[in-house]
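Following: one structure in structure tokens, then a few remarks.
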Amino acid sequence: MSPSSSSAAVAAPKGGDAPAAASPALSTAERESRQATWLVFGALGLGGALQIFIAPGPWALVLGSVLAGAFLFGLSQVMPGKWRDTLVSFRFIAVLLFALSLAAVGGTLILQNKPMAWYEQRYGLVGSLIVALRLDDIFHSLWFAGFVALFFASVANSAIVRWPVRLKNVGYWTCHAGLLTSLLGAGASAVFSVRGRVDLHAGGEVARQVMVTKNGLPTGEAAALGFDLKLDRFDLVRYTPEYRVAYYDLTGSQARLKASFDPEVGVKHLLPGGDSFKIKKLFPEFTTRPVAAGPGETPRLEYASLSDQMKNPAAVLEVTVDGDPRETGLMLAARHDHVRTRQGALVFERREDEVKAFQSHVTAGTGTDTRKALVSVNDPFTYNGWTFYQVNYDPKDPSYSGLEAVRDPGVNWVFLGFGLICLGVFYMFYLEDRFKKRKAPVAVKA
Amino acid sequence: MFYILAEHPWFVATSAAYAAAMGLYAAAWRSTRAIVGRIATGIMVAAIALNASLIAARWIEADRAPFKSLFESLVFFSFTMGVVYLAMEWLYRTRVFGAICALGSFGGLAYAVTKWDAEIVKLPPALQSGWFVPHVVVYFVGYGAAAFATGVALVQILSTRVPFVNRLLSVKAGSILSGEALDLEKITYDAIKFSFVMLTLGLLAGSVWAKSAWGDFWVWDPKENWSLVTWLVYGAYLHLRKVKGWRGEKGAWLVIAGFAVVMFTYLGMSMLPTAEASNHVYTGQ
């Protein structure tokens, strides 16, 4: 990204289109368009051709980007034909951003990082083409690296053009330094990070190594942790059970939950098709109790509740179908008792249990030097350079927990870059103009 | 659908308020009486307050931020579109765009009715993060600003083709309070700048969140990719604006195209062949 108006002032005579001189501006536009096309399609073609000999991957991406970026930068300094001016022009950057957009879109149209045979099996001839062009791993491909290299060369040249750093262009510097820092951090992350799975069972099973994965699939390699990691306990925490009167639509081929109502006595609810219902009686902890019978009467039972807690709820509904109110019999949630309406059915039932948290209680360390920690989703645990994330569980094996172990030397640089981007963008858009406006009267006086 | 509306009168009232504001803003285009425009703004404020109450009530009922499902996010999107519009009305002292923006908020609620949640779901572990609320809020404020910019860009394009629209922009029209001609291109640019800042914050906050949840700050998930595409397209617009010839209709069309990308990023993920690999497809879609 380039700065707002300060950069326009810098770039206009070279890369932009000066409104005053119509004819040269047109030729500048033509040159920029032509050279931008050459650069983008050149990166695409050259990267695509080299891809035949070099498989996509983190190293291909990072090395390809860095080497090609440095080469392009150097070349742009010595090449005649104002290639450097094109590289710093707003038009070229916009074209490059569109090219990167198309690459990103491509990655959402073609499933990435599947086994090669999968593409041919699923898409036939098109699948073979996808594999041949290595569109199965777009974001590690050499042509994508070519785009990143163009980006590097453009930003580096723009930096030279805008040197030195001043208050009026510090936003540009901060933002672009952030972009480069993030990209370099991401490169370091792609190349040097190690990630893998640690599968453990509660009760003291110990892991000393990580089963390395790539794109979520095991590579067969293992990386030593350098300490013991023990799973003491695994908890699958669920939300408190809730009950509902569910309305299922039965007009289709399958029953579909259409609406859900809290069990509240006396509240009338409308249903699709104009029917309605209300709960007449609710027994949170249902039971029956004998009613004292008078002389000569048959002893009978009545519905009652042992407490106000929803432990074994039952209800009696009043359902109005076609304007005709009818009282249902006792509906027990435990039995999923239901009553039909014109288009569907009302079911008194317990809601599906929803998971609140996956919690692994672990101990990390060696010998007596250990540390206990809780690992849960969004709350990872870091120890001796490794960070552990809660990523898996097995509903059939409550003692099992799957952790993702990551050692990533680049991530802090990525986040530092993010911070710089945010600051830089804000500065460019909302502070930079103040410095330019302040300077304007001085220029008039001079 | 009737049974839903009958069960939720506040939702109906909010929609009706947006519709009324839309009608009055449209009336303010032609009316010479300032009171019409003032009432339109008053009703828009009321609609936004009602919309805020819907969000607050849902928040209390669900015991979590109401941004989980598509329905909930649509209600919030209507709100942010309304709030961004009001801020812009105040900033640029014009009610020209009121009808379009009220239509946007009303449309959001109308679409939400078709995506009504069968029940309020609990928050899954992955969404139980301090990043959840800021990530969603900045994104939807950014979307609201992008929607506003798109409305202005549409007016900009139509003003050269439709005499009626051109007349709306006359300084004599009651809906321009400043007494100065509107610079539509500048208004669009300002809105996109603001949207871009919000999208940047949202994108980066999402990335930091992804790292704490899954251990990776970027996994080329379809939603991540399309969020990046949105950012890149608006980034390209901000650059192209410095290039001669891109401040007129071409720029306006690009803003509209950018919003189409925003909408696809928001609503279209389930259409992608890679949707099954995404962690971001809304429930209720």
Side-chain angles (χ1 to χ4, degrees), chain A residues 1-2 4 7-8 11-12 16-17 19 25 29 90-91 93-94 97-98 100-101 104-105 107-112 139 186 189 195 239 244 246 257-260 269-272 274 351 354-358 376-380 387 389-391 404 406 411 414-415 418 421-422 425-426 429, chain B residues 1-4 6-7 116-131 193-194 196-197 200-201 204-205 207-209 211-218 220 222-223 225-226 228-229 232-233 235-246 261 269 272-274 276-278:
Chain A
M1 189 177 40
S2 297
S4 51
S7 58
D17 305 295
F90 293 116
R91 185 176 278 110
I93 278 291
L97 295 182
F98 282 127
L100 286 166
S101 303
V105 169
T108 67
L109 299 177
I110 302 166
L111 271 170
Q112 300 288 288
F139 307 111
S189 183
R195 62 180 57 245
Y239 284 100
R244 68 185 176 193
L257 180 67
K258 192 89 174 169
S260 169
H269 298 288
L270 280 180
L271 297 171
R351 276 180 63 158
E354 290 163 281
V355 175
K356 189 175 185 183
F358 305 101
S376 61
V377 182
N378 281 310
D379 191 11
T387 304
Y389 300 86
Q390 181 68 52
V391 292
E404 176 97 342
V406 180
V411 68
V414 173
F415 291 162
F418 285 178
I421 292 168
C422 291
V425 167
F426 183 79
F429 289 161
Chain B
M1 198 176 294
F2 173 72
Y3 76 99
I4 292 174
E7 288 263 315
W116 202 279
D117 291 333
E119 67 183 345
I120 297 174
V121 293
K122 307 283 187 193
L123 215 53
L127 296 184
Q128 293 168 26
S129 163
W131 290 103
K193 268 198 319 189
F194 177 67
F196 188 76
V197 171
T200 305
L201 287 172
L204 303 188
S207 182
V208 177
W209 179 11
K211 176 69 185 168
S212 73
W214 299 306
D216 216 339
F217 55 85
W218 195 267
W220 299 108
K223 186 87 167 191
N225 281 14
W226 277 91
L228 179 65
V229 171
L232 291 170
V233 169
Y237 164 79
L238 293 171
H239 282 87
L240 279 175
R241 192 176 173 274
K242 310 287 183 194
V243 176
K244 188 186 171 190
W246 279 89
V261 176
M269 290 301 98
L272 289 169
T274 51
E276 63 196 66
S278 176

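Small disclaimer: the values here were computed from a predicted structure and weren't measured. Lettering of chains follows the sequences in order, A, B, ..., and the numbering in each one begins at 1.
Chain A forms more heavy-atom pairs under 4.5 Å with one residue of Leu127(B), Ile4(B), Leu123(B) than with any other, namely Leu123(B). Comparing Ile110(A), Leu100(A), Thr387(A), Val411(A) by how many heavy-atom pairs each has under 4.5 Å with chain B, the most go to Val411(A). Between chain A and the residues Trp209(B), Trp116(B), Trp131(B), Trp246(B), the largest count of heavy-atom pairs under 4.5 Å involves Trp209(B). Of the listed residues (Leu201(B), Val208(B), Ile120(B)), the one with the most heavy-atom contacts under 4.5 Å to chain A is Val208(B). Counting heavy-atom pairs closer than 4.5 Å to chain A, the top residue among Ser129(B), Ala236(B), Gly215(B) is Gly215(B). Between chain A and the options Ala213(B), Ala205(B), Ser207(B), heavy-atom pairs under 4.5 Å are most frequent for Ala213(B). Contact count versus chain B (heavy atoms, under 4.5 Å) is highest, among Thr108(A), Val391(A), Val414(A), for Thr108(A). Highest contact tally toward chain A, considering only Val261(B), Asp216(B), Val233(B), is held by Asp216(B) [criterion: heavy-atom pairs under 4.5 Å].
Test Asp379(A), Asn378(A), Val377(A) against Gln390(A) for side chain to side chain contact (heavy atoms under 4.5 Å, CB included) and you get one pass: Val377(A).
Side chain of Gln128(B) to main chain of Lys356(A): a donor-acceptor pair is present (N/O by atom type, distance under 3.5 Å, no hydrogens or angles). At distances below 3.5 Å, not a single donor-acceptor pair connects side-chain atoms of Glu119(B) with backbone N or O atoms of Asp117(B).
Ring orientation note: the planes of Phe415(A) and Phe418(A) are tilted relative to one another, at an angle of 30° to 60°. Taking the six-membered ring for Trp and thresholds of 30 and 60 degrees, His239(B) and Phe90(A) have ring planes inclined between 30 and 60 degrees apart.
Between Lys122(B) and Arg351(A), the shortest heavy-atom contact is N-NH2, 4.3 Å.
Contact annotation for Ala186(A): both backbone and side-chain heavy atoms come within less than 4.5 Å of a heavy atom of chain B. Residue Leu271(A) touches chain B through its backbone alone, counting heavy-atom pairs closer than 4.5 Å. For a residue to count as touching a neighbouring chain, one of its non-hydrogen atoms must lie under 4.5 Å from one of that chain's; by this rule Ser189(A) touches chain B with the side chain only. Heavy atoms closer than 4.5 Å to chain B are found in the side chain of Tyr239(A), but not in its backbone. Proximity to chain A (any heavy atom under 4.5 Å) is shown, for Tyr237(B), by neither the backbone nor the side chain. The contact between Val406(A) and chain B is made entirely by side chain atoms (from C-beta outward), counting heavy-atom distances below 4.5 Å. Glu7(B) touches chain A through its side chain: at least one heavy atom from C-beta onward sits under 4.5 Å away, while N, CA, C and O do not.
Residues that satisfy the side-chain contact (heavy atoms from CB on, under 4.5 Å) test with Thr200(B), not counting sequence neighbours, are Ile421(A), Cys422(A), Phe196(B), Leu204(B), Trp231(B). Taking the ring-ring contact (aromatic ring centres under 6.0 Å, His included) definition, one finds that Phe358(A) meets it with Tyr393(A), sequence neighbours left out.
You'll find the side chain of Leu272(B) reaches within 4.5 Å of the side chain of Leu109(A), heavy atoms only. Looking at heavy atoms from C-beta onward, Trp226(B) lies in side-chain contact with Met269(B) at the 4.5 angstrom threshold.
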